[in-house]
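What follows is one structure encoded as structure tokens, with my remarks underneath.
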Amino acid sequence: MFDDLPPDLERLHTLRMWHAMWLARIDRKIAALERRHAEHEYGQRNRPRPPDWIVELGIGTGRPPVQVHAGDCHMAGERRRTVSHEEARRLLATGLRACSHCQPDVRLHILDLLAALAAAALPGPPPAQ
């Protein structure tokens, strides 16, 4: 057996005390990390869901809508408000710009509607005389 410990009782008690202090320090660190992990898990479970759709608002009087975003879009500015699915579709159909990153027009299937609106706005062939 390994017998590399000191032969006298005083030094053995000192080593035992030193290791007990280190063990208590390690136990405190483990408890702190377990608490932090539990808090993080609790925060992840109880985090509110992002809204489905948001409208980025402009600056100035009335803060007019500027752009439609998906609720989880990282490109949306700080000035925003939550909108419903129907309102997001309505805003896009009336010509409000869609974010080019999250592409709410694609997610809301507005492309067909916009293509139909664009086709209706194009002048037809000149009338025959």
Side-chain angles (χ1 to χ4, degrees):
M1 174 163 231
F2 296 107
D3 197 14
D4 56 350
L5 295 174
D8 59 307
L9 194 56
E10 186 177 340
R11 282 192 288 174
L12 284 173
H13 280 297
T14 302
L15 280 175
R16 187 179 189 300
M17 179 59 70
W18 185 81
H19 282 286
M21 289 181 348
W22 267 100
L23 187 57
R25 185 176 175 195
I26 291 168
D27 287 343
R28 284 191 303 273
K29 182 69 172 190
I30 288 171
L33 289 174
E34 286 174 343
R35 268 192 315 275
R36 186 180 307 158
H37 179 73
E39 290 168 357
H40 177 74
E41 290 298 317
Y42 178 80
Q44 290 297 321
R45 280 192 312 270
N46 295 318
R47 173 174 285 155
R49 259 186 80 236
D52 291 332
W53 308 105
I54 54 176
V55 172
E56 186 175 349
L57 302 173
I59 299 173
T61 307
R63 296 172 65 165
V66 176
Q67 202 171 30
V68 178
H69 296 271
D72 58 353
C73 181
H74 66 279
M75 294 300 292
E78 293 297 317
R79 295 176 314 275
R80 59 175 98 177
R81 71 177 167 88
T82 302
V83 294
S84 67
H85 176 85
E86 293 78 23
E87 187 175 358
R89 286 182 58 88
R90 182 185 60 76
L91 289 169
L92 288 169
T94 59
L96 190 63
R97 215 171 62 198
C99 174
S100 60
H101 293 276
C102 64
Q103 298 180 333
D105 49 350
V106 174
R107 292 185 188 186
L108 289 168
H109 307 289
I110 301 290
L111 291 178
D112 298 333
L113 176 63
L114 291 177
L117 289 174
L122 290 175
Q129 293 183 351

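Sequential numbering from 1 along the given sequence is applied to the chain's residues.
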Gap separating the CD atom of Glu56 from the NE2 atom of His69, nearest 0.5 angstrom: 4.0 Å
Asp27: side chain to side chain donor-acceptor pair (under 3.5 Å) partners, not counting sequence neighbours: none
Euclidean distance, Thr14 OG1 relative to Arg16 CZ, rounded to 0.5 Å: 12.0 Å
Expected output: side-chain Arg79 to main-chain Leu57 donor-acceptor under 3.5 Å: yes
Interatomic spacing from NE2 in His101 to CD in Gln67 - rounded to 0.5 Å: 8.5 Å
Nonpolar side-chain network containing Val66, other nodes, edges under 4.5 Å: none
Atom of Val68, atom of Pro104 and distance for their closest heavy-atom approach: O-CG, 3.2 Å
Side-chain heavy-atom pair Leu91, Trp53 within 4.5 angstrom cut-off: no
Neighbour count above 12 (heavy atom, 6.0 Å) for Gln44 CD: yes
All side chain to side chain donor-acceptor pair (under 3.5 Å) counterparts of Arg81, not counting sequence neighbours: Glu87
Reported CE-to-CG distance for the pair Met17 and Leu12, which is rounded to 0.5 angstrom: 13.0 Å
Single-linkage hydrophobic cluster, 4.5 Å side-chain cutoff, Val55 and Leu108 together: yes
More than 12 heavy atoms from other groups under 6.0 Å of CZ on Arg45: yes
Separation between CZ of Arg90 and OG1 of Thr94, rounded to the nearest 0.5 Å: 6.0 Å
Over 12 non-hydrogen atoms of neighbours within 6.0 angstrom of CD1 in Ile59: no
Straight-line distance of Cys73 SG to Arg107 CZ, nearest 0.5 Å: 8.0 Å
Ala98 versus Leu92, closest heavy-atom pair with distance: CB-CD2, 3.6 Å
